[in-house]
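Scroll down for the structure; my scribbles are underneath it.
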Amino acid sequence: MSTDDTSAASTPAPATPRNFIHDIIDEHNQSGRFEGRVHTRFPPEPNGYLHIGHAKSICLNFGLAKYYNGKCNLRFDDTNPAKEDQEYVDSIMDDVRWLGFEWDALYYASDFFEQIYQYAEQLIEKGLAYIESSPVEKIREMRGTLTQPGQHSPDRERPTAESLDLFRRMRAGEFPDGKYVLRAKIDMAHPNMNMRDPLLYRIRHAEHHRTGDTWCIYPLYDFTHGYCDSLERITHSICTLEFENHRPLYDWFIDVLDLYHPQQIEFARLNLTYTVMSKRKLLELVEAGIVRGWDDPRMPTIAGIHRRGYTPAGMRAFCEDIGVTRFNGLTNLAVLENAIRSDLNKVAPRYMAVLNPLKVVLTNYPEGQVDELDAVNNPEDASQGTRKVPFSKVLYIEQDDFMEDPPKKFFRLAPGREVRLRWGYFITCQEVVKDADGKIVELRCTYDPETRGGNAPDGRKVKSTIHWVSADHAKSAEVRLYDKLFTIENVADIPEDEDWKTYLNPESEVINTIAKLEPALGDHPAGFTCQFERLGYFCVDKDSTPAQLVFNRTVTLKDEWTKLQKKAD
RNA sequence: UACCCCGUAGUGUAACGGUAGCACAACAGAUUUUGGUUCUGUUUGUCUAGGUUCGAAUCCUAGCGGGGUAACCA
């Protein structure tokens with residue numbers, strides 16, 4: 001890939017598009033608030049696979065660090081042992097690297113558990129936290145509602161010494177899950193619900209994927225996250241909009257202990273048409289067996305789009321295209337597809353493949369003769385060279401490339417009409433052969449030996465060039481045709497009382513088992529990406545074997561003809 | 001009905017008090033051995049009402065509309 005190509009010094013690459021976060025950082029740099037440092041971090045919870053929304057966050061955080069010559073950490077916010085797993089840690093690291101980024105420091109929130117525990121004790125000692133003994137339901141009840149203030153717990157005035165003792169015994173494992181919880185003492189009437197004596201620690205006798213059984217109490221995310229940022233000396237804690245109401249709480253935790261104070265900045269998460277970005281829903285698709293797994297090519301996960309054949313450079317370009325704001329919008333899937341096509345167009349070698357074969361017999365071509373034709377690998381990149389493609393008497397062309405009774409704007413093959421076979425010869429359709437049901441099963445055509453390579457010495461033109469493969473030389477393959485995951489543009493519009501899964505697109509994966517490929521396509525490793533001329537971009541799936549080739553359709557080519565047909569309806 | 005945030009072409013995003021631009025989409029044309037690519041052109045926009053100002057998308061006020069927030073989740 002040549003996305004970071006700086007060799008063309010005379011035409012510098014367009015500068016990274018700026019956004020409101022750059023303005024904030026510039027201000028900080030001018031005022032000297034962080035001594036000119038820029039240190040971001042990407043802080044996922046390892047409880048699922050990363051998706052395209054995370055890609056936006058990754059590009060933002062790592063991109064900012066790069067732009068300002070700063071640093072960016074990877075930190076796993078692993079405060080809930082029940083949901084987290086090493087499998088997810090591994091996949092997240094793979095995904096970040098696949099996108100083309102490398103972290104400066106790697107941390108886990110669990111690395112800071114002891115320090116955070118000490119902070120909790122300090123809060124208790126300052127009279128700013130207390131041990132709560134009420135059950136969950138009672139705590140919830142006393143919290144009040146959005147429009148009504150909460151009530152003080154009877155435990156709120158528990159003496160400091162008693163809270164401290166209880167907290168230490170919680171850590172020592174003296175109590176069962178749910179017996180006690182540590183709460184901050186802030187303001188039960190605060191209009192911001194997060195400030196109504198939030199929970200800090202809970203008892204969980206659970207095996208943690210990193211700390212094992214060292215702990216039986218775990219800090220909640222809200223109590224942990226800001227401290228981790230502070231301890232890592234993060235300057236700009238970038239997160240999504242739903243944490244905006246948490247910012248005053250994080251500020252309180254830090255200021256009350258007089259600790260180093262990063263600046264939190266919120267931005268709008270990515271929403272894409274015809275897909276979901278909810279970890280919960282994606283998990284459901286995986287667990288219900290509706291998809292092939294987290295890396296199913298229909299999934300908006302990074303693992304999924306990777307398997308689908310999307311490229312890191314295309315994804316990074318997409319993340320730049322969509323911008324960063326505080327507006328909660330819905331981005332068209334077309335923007336993503338455009339970014340991917342535009343990258344693949346430059347780098348993907350071209351091949352010929354026929355998805356729905358129609359047999360063509362060249363009646364005037366010598367029996368048994370094979371011609372090795374030269375084909376250009378990529379018209380956009382001469383350095384990709386040429387290859388040989390075998391040509392013979394019996395060929396396959398695409399069923400869609402022939403019409404017995406063509407409408408006005410159909411330029412392809414029809415009875416009596418001449419077209420060009422890509423890199424081959426001009427052929428003319430002489431006869432249509434049908435079976436008993438009237439289905440077209442074969443075309444009998446003549447070829448013009450003078451047009452080898454695709455040009456007529458007499459200068460005559462054809463309206464169309466179509467792709468083909470030689471029947472005797474073709475490889476069979478399974479080709480998985482992918483399309484949008486949902487039938488509804490905005491998944492958020494699905495009513496609450498309906499099952500969102502009824503809006504899944506039944507044709508999001510269509511399996512074609514009759515495809516015929518040119519022989520050069522027979523020997524490539526999983527992940528190999530190319531263009532099937534006139535059809536789209538495809539890649540070799542990880543299920544592919546030499547005996548059973550499997551290709552995924554990454555994205556179609558733009559298609560004026562299909563568009564015309566749809567308009568005609 | 002509490003608090004917080006957000007309203008710029010169809011969609012997404014620029015314009016930091018001084019000519020409303022870009023991308024995608026759509027439409028029209030040119031080029032083309034991919035109905036691809038490339039190139040050219042066209043259509044469509046500052047939520048509303050006041051105010052401040054020589055001048056407002058930008059600042060202020062109100063209204064309208066959208067989103068978020070009441071896990072021992074993150």
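In what follows, chains are A, B, ... by sequence order, proteins preceding strands, each numbered from 1.
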State which of B:A74, B:C72, B:C73 makes the closest approach to the side chain of A:V136. B:C72

Would B:A28 be called syn or anti here, given the cut-off of 90° from 0? anti

Name the nucleic acid region contacted by A:L330, choosing base, sugar-phosphate or nothing; use a 4.0 angstrom heavy-atom cut-off, strictly under. sugar-phosphate

Could you work out which one of B:C72, B:C3, B:A14 sits closest to the side chain of A:P191? B:C3

Of all the choices, B:C72, B:A14, B:C27, which nucleotide is nearest to the side chain of A:L220 once you look at every atom? B:C72

Taking all atoms of both residues into account, what is the closest heavy-atom pair of A:N378 and A:K346, and its distance? ND2-O, 3.3 Å

Between A:E84 and A:N47, does any side-chain donor sit less than 3.5 Å from a side-chain acceptor? no

Looking at the side chain of A:I139, which of B:C72, B:C4, B:A2 is the nearest nucleotide? B:C72

If you look at every strand shown and take non-hydrogen atoms under 4.0 Å, does A:Y201 touch a base, only sugar-phosphate, or nothing? nothing

Taking the minimum atom-to-atom distance to the side chain of A:K567, which one of B:A25, B:U1, B:A28 wins? B:A28

Distance test, side-chain N/O of A:R196 to OP1/OP2 of B:C3, below 4.0 Å: no

Contacts under 3.5 Å, N or O only, protein and nucleotides 34-36 of chain B:
residue: B:U34; atom: O2; partner: A:Q531; partner atom: OE1; Å: 2.9
residue: B:U34; atom: O2; partner: A:R534; partner atom: N; Å: 2.8
residue: B:U34; atom: N3; partner: A:Q531; partner atom: OE1; Å: 2.5
residue: B:U34; atom: O4; partner: A:R350; partner atom: NE; Å: 2.5
residue: B:U34; atom: O4; partner: A:R350; partner atom: NH2; Å: 2.9
residue: B:G35; atom: OP1; partner: A:R534; partner atom: NE; Å: 3.4
residue: B:G35; atom: OP1; partner: A:R534; partner atom: NH1; Å: 2.6
residue: B:G35; atom: O2'; partner: A:E560; partner atom: N; Å: 3.1
residue: B:G35; atom: N7; partner: A:R412; partner atom: NH1; Å: 2.3
residue: B:G35; atom: O6; partner: A:F411; partner atom: N; Å: 3.0
residue: B:G35; atom: N1; partner: A:K409; partner atom: O; Å: 2.8
residue: B:G35; atom: N2; partner: A:K409; partner atom: O; Å: 3.3
residue: B:G36; atom: N2; partner: A:E380; partner atom: OE2; Å: 2.8

Per the side chain to side chain contact (heavy atoms under 4.5 Å, CB included) rule, which among A:L344, A:T554, A:D343 passes with A:Y310? A:T554

No-hydrogen, no-angle side-chain donor-acceptor test under 3.5 Å, A:R534 and A:H467: yes

Can you check nucleotides 40-46 of chain B for protein contacts, nitrogen or oxygen pairs under 3.5 Å, and list what you find?
none

Do the two ring centres, one from A:Y117 and one from A:F113, sit under 6.0 Å apart? no

Residue pair A:D155 / A:S133, side-chain donor-acceptor N/O under 3.5 Å: yes

Pair A:Y119 + A:F253: ring centers closer than 6.0 Å: no

I want to check one thing: is the phosphate of B:A74, taken as OP1 and OP2, less than 4.0 Å away from some side-chain N or O of A:T79? yes

Just compare B:C72, B:G67, B:A74 and give me whichever is closest to any side-chain atom of A:N328. B:G67

Can the positive tip of A:R460 be found less than 6.0 Å from the middle of the six-membered ring of A:F426, inside 45° of the ring normal? no

Watson-Crick and G-U pairing of RNA chain B, under 3.5 Å, as dot-bracket with | and [ ]: .((((((..((((....[..)))).(((((.......)))))....(((((..]....))))))))))).....

What about A:Y537 and A:F532, are their ring centers closer than 6.0 Å? no

From C-beta outward on A:R143, which listed nucleotide comes closest to its side chain: B:U8, B:C24, B:A70? B:A70

Most 5' of A:N192 and A:D222 on RNA chain B, judged by nearest nucleotide: A:N192

Any idea which of B:A74, B:U8, B:A26 is nearest the A:K563 side chain? B:A26

Heavy-atom nearest nucleotide on RNA chain B taken for A:L146 and for A:V181; more 5' hit belongs to A:L146

Name the nucleic acid region contacted by A:R341, choosing base, sugar-phosphate or nothing; use a 4.0 angstrom heavy-atom cut-off, strictly under. nothing

Among B:A74, B:C72, B:G12, find the nucleotide with the atom closest to the side chain of A:I322. B:G12

Taking 4.0 Å as the cut-off, does a side-chain nitrogen or oxygen of A:R183 come that near to OP1 or OP2 on B:C72? no

Do A:F112 and A:Y107 have ring centres separated by under 6.0 Å? yes

Taking the ring centre of each residue, are A:Y67 and A:H22 less than 6.0 Å apart? yes

Can the positive tip of A:R210 be found less than 6.0 Å from the middle of the six-membered ring of A:Y108, inside 45° of the ring normal? yes

